[in-house]
Amino acid sequence: MLSTKKQTLIALSLFFLAALAGLFLRFLNVNPLDDVNFRYFVHAHSHVALLGWIHLALMLLINKLVLKNYVPLKVYSRIFYATLFAVVGMLLSFPFQGYAAISIGFSTLFILVSYVFYWAFIHYIPKEDRQTSGLKCIRFALVYMVLSSLGTWAIGAVMTTLGPVSDWYRIAIYFYLHFQYNGWMILALVGLILLVFENHDIYFGKRNFSRFLLTFHVGILLTFFISVLFTSPPDIFYLLAVIGAALQLMSFNFLFSFFRKIKWFLLQKFTRLQRNLFRWFLVLLASKLVMQLLAGFPQIAPWITQYKNLSIGFLHWVFLGVTCIGLFLLLDFIGMFKINLLQFSLYVLAFLGTEALIFLKPLSNIFDFPLPNNYNWWLFYTSLVLVLVIGSMWMRQIQLSIKKTTRRQSL
């Protein structure tokens with residue numbers, strides 16, 4: 001079995017490849033190529049980013065902090081290699097055929113392996129050992145991961161009965177995405193952060209944690225109604241969406257209050273860089289919750305339907321912002337990955353630059369002001385900086401890995 005740091009390097013490599021695919025998509029907006037199917041590369045980019053980088057990184061962190069003490073190495077290694085095989089298969093098939101037999105086969109394999117990962121967590125960790133706040137969050141995060149896959153299974157059924165132009169096709173996709181990033185990814189990050197604190201004997205109070213979980217669960221179910229507002233449903237759907245988003249804000253307020261109480265721990269145990277990572281994670285998460293609330297109002301929801309860049313910008317905010325910075329924090333704190341202050345600063349600047357430009361396009365239409373000249377080129381350039389920063393992180397991990405191997409051989 002590969003070392004934990006080499007597994008992390010593989011996940012980071014997939015992040016870099018996903019970023020390169022995203023940069024290529026930006027280039028196609030400037031200079032379309034007749035022989036390249038834009039949508040096929042969108043599928044490759046999104047699947048490798050979500051399932052190759054984010055899913056794999058979360059899986060590595062959960063194994064490092066929890067599973068390695070319970071799950072046999074042979075079981076985990078099979079899950080890891082099967083997951084990697086499925087992701088590489090999607091990377092090599094989606095750019096050339098989109099959703100077709102081979103890519104669907106690899107996607108199906110990935111889902112089945114994710115079920116095995118959930119099974120390993122439930123099967124090998126005794127119930128009495130799963131009672132801490134951190135492990136409860138991770139367990140529920142895995143439940144949402146499994147739940148999200150129902151959207152994937154539904155896509156096939158909708159395709160064969162109603163076709164891809166049906167509203168139900170989009171609803172199935174949104175169902176998958178909603179429970180992936182709102183449930184599995186964000187709750188897993190919260191659980192892992194709480195687990196880090198618990199390893200230092202710092203615990204979320206039972207009463208407030210129960211409030212956090214209850215409002216989180218109800219909120220995540222109701223905020224799914226945001227995903228169906230493109231159908232112009234009855235007013236009750238808008239009301240439920242806003243209530244859900246408000247409950248999500250309330251839920252994370254309990255969490256943020258807990259973090260404020262343990263500020264002393266952050267000053268003692270976190271480096272300056274890690275404190276910055278943590279602050280940015282919280283700021284971006286809070287901003288995401290506010291955007292989610294605004295999206296539920298009937299005055300704003302039609303804009304999201306009409307201008308797809310609002311949805312694209314929001315998804316990038318969640319994945320490149322909240323999720324990636326949360327992963328950087330945890331991986332750096334545990335020592336699985338090292339990032340320096342310059343790389344982090346450039347990453348944030350490039351990320352905010354791309355987000356500003358993505359949101360600028362729909363805002364220019366809504367408020368009737370002109371876009372800057374060569375808008376698509378500016379978006380390409382800022383994306384290029386982001387890719388270069390991710391590439392520098394990737395190269396640094398390779399250099400550190402080589403140095404460690406050389407040092408071990410010289411002893």
Side-chain angles (χ1 to χ4, degrees), residues 42-43 46-52 54-56 58-59 62 79 82-83 86-87 89-90 94 98-101 103-123 136-191 213-214 216-231 233 237 240-241 244-245 247-248 251 292 295-296 311 314-315 318-319 323:
V42 170
H43 293 324
S46 59
H47 281 75
V48 175
L50 269 65
L51 309 181
I54 295 175
H55 180 97
L56 208 56
L58 287 172
M59 197 172 83
I62 292 170
I79 293 171
T83 302
V87 171
M90 287 185 276
F94 270 118
Y99 275 106
S103 58
I104 290 173
F106 282 117
S107 301
T108 303
L109 173 62
F110 179 91
I111 293 171
L112 296 176
V113 175
S114 72
Y115 292 169
V116 177
F117 183 59
Y118 171 70
W119 167 83
F121 185 92
I122 298 299
H123 179 75
K136 282 183 178 179
C137 284
I138 293 170
R139 178 167 62 87
F140 282 119
L142 290 168
V143 170
Y144 285 123
M145 177 192 72
V146 172
L147 178 63
S148 72
S149 68
L150 297 180
T152 308
W153 297 123
I155 289 171
V158 172
M159 284 282 286
T160 55
T161 55
L162 302 174
V165 295
S166 165
D167 285 345
W168 287 103
Y169 176 77
R170 288 174 65 181
I171 289 171
I173 293 174
Y174 295 160
F175 182 94
Y176 170 76
L177 286 172
H178 175 73
F179 288 105
Q180 273 281 308
Y181 67 79
N182 283 317
W184 155 230
M185 294 174 183
I186 288 181
L187 193 56
L189 284 171
V190 170
L213 269 189
L214 177 61
F216 181 91
H217 291 322
V218 178
I220 196 173
L221 293 174
L222 292 180
T223 49
F224 174 66
F225 286 106
I226 296 173
S227 301
V228 302
L229 297 182
F230 74 93
T231 63
F237 284 71
L240 291 172
L247 284 172
Q248 286 269 288
S251 172
Q292 193 172 258
S311 297
F314 177 75
L315 290 174
V318 175
F319 296 132
T323 310

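Positions are given from 1 along the sequence. Keep in mind that this is a model prediction, so the values were computed, not measured.
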Passing candidate, ring pair (Phe, Tyr, Trp, His ring centres under 6.0 Å) with H55, options W184, Y181, F319: W184
Heavy-atom closest pair, residues I226 and A295: CG2-CB, 4.0 Å
Verdict with reasoning, I220 to H178, per side chain to side chain contact (heavy atoms under 4.5 Å, CB included): CA-CA 8 Å; I220 196 173; H178 175 73; 3.6 Å; yes
Among I173, D167, I171, side chain to side chain contact (heavy atoms under 4.5 Å, CB included) partner for Y169: I173
From CZ (F179) to CG (L147), nearest 0.5 Å: 5.0 Å
CD1 on I54 to CE on M185, rounded to 0.5 Å: 4.5 Å
W153 and T108, any side-chain heavy atoms less than 4.5 Å apart: yes
Parallel, tilted or perpendicular, as decided by the 30° and 60° cut-offs, for the rings of H123 and W119: parallel
CD1 on I79 to OG on S114, rounded to 0.5 Å: 10.0 Å
Worked verdict on L229 versus F237 for side chain to side chain contact (heavy atoms under 4.5 Å, CB included): CA-CA 7 Å; L229 297 182; F237 284 71; 4.2 Å; yes
Pairwise distance OG(S148) to CG(L177) - rounded to 0.5 angstrom: 9.0 Å
Aromatic plane relationship, F94 with H43 - under 30° parallel, 30 to 60° tilted, over 60° perpendicular: tilted
Interatomic distance, Q180 atom CD to L315 atom CG [nearest 0.5 angstrom]: 12.0 Å
Heavy-atom closest contact (G52 atom, V87 atom, distance): CA-CG1, 3.6 Å
Check: L142 and R139 side chains under 4.5 Å, non-hydrogen atoms: no
I62 side chain reached by F117 side chain, heavy atoms, under 4.5 Å: yes
Smallest separation among heavy atoms of G244 and T223, with atom names: C-CG2, 3.3 Å
Minimum side-chain heavy-atom gap Y118-V143 below 4.5 Å: yes
Close side-chain approach of V190 to F216, heavy-atom, < 4.5 Å: no
Closest approach of L187 to A141 (non-hydrogen atoms, all atoms of both residues): CD2-N, 3.7 Å
pair S149-Y115: side-chain heavy atoms closer than 4.5 Å: yes
Test item: H217 and Y144 side chains (from C-beta on) under 4.5 Å apart, heavy atoms: yes
Pairwise distance CD1(I155) to CZ(R170) - rounded to 0.5 angstrom: 13.0 Å
Where M90 and S103 come nearest, the two heavy atoms and their spacing: CG-O, 4.4 Å
Heavy-atom pair of closest approach, residues A82 and L109: O-CD2, 4.3 Å
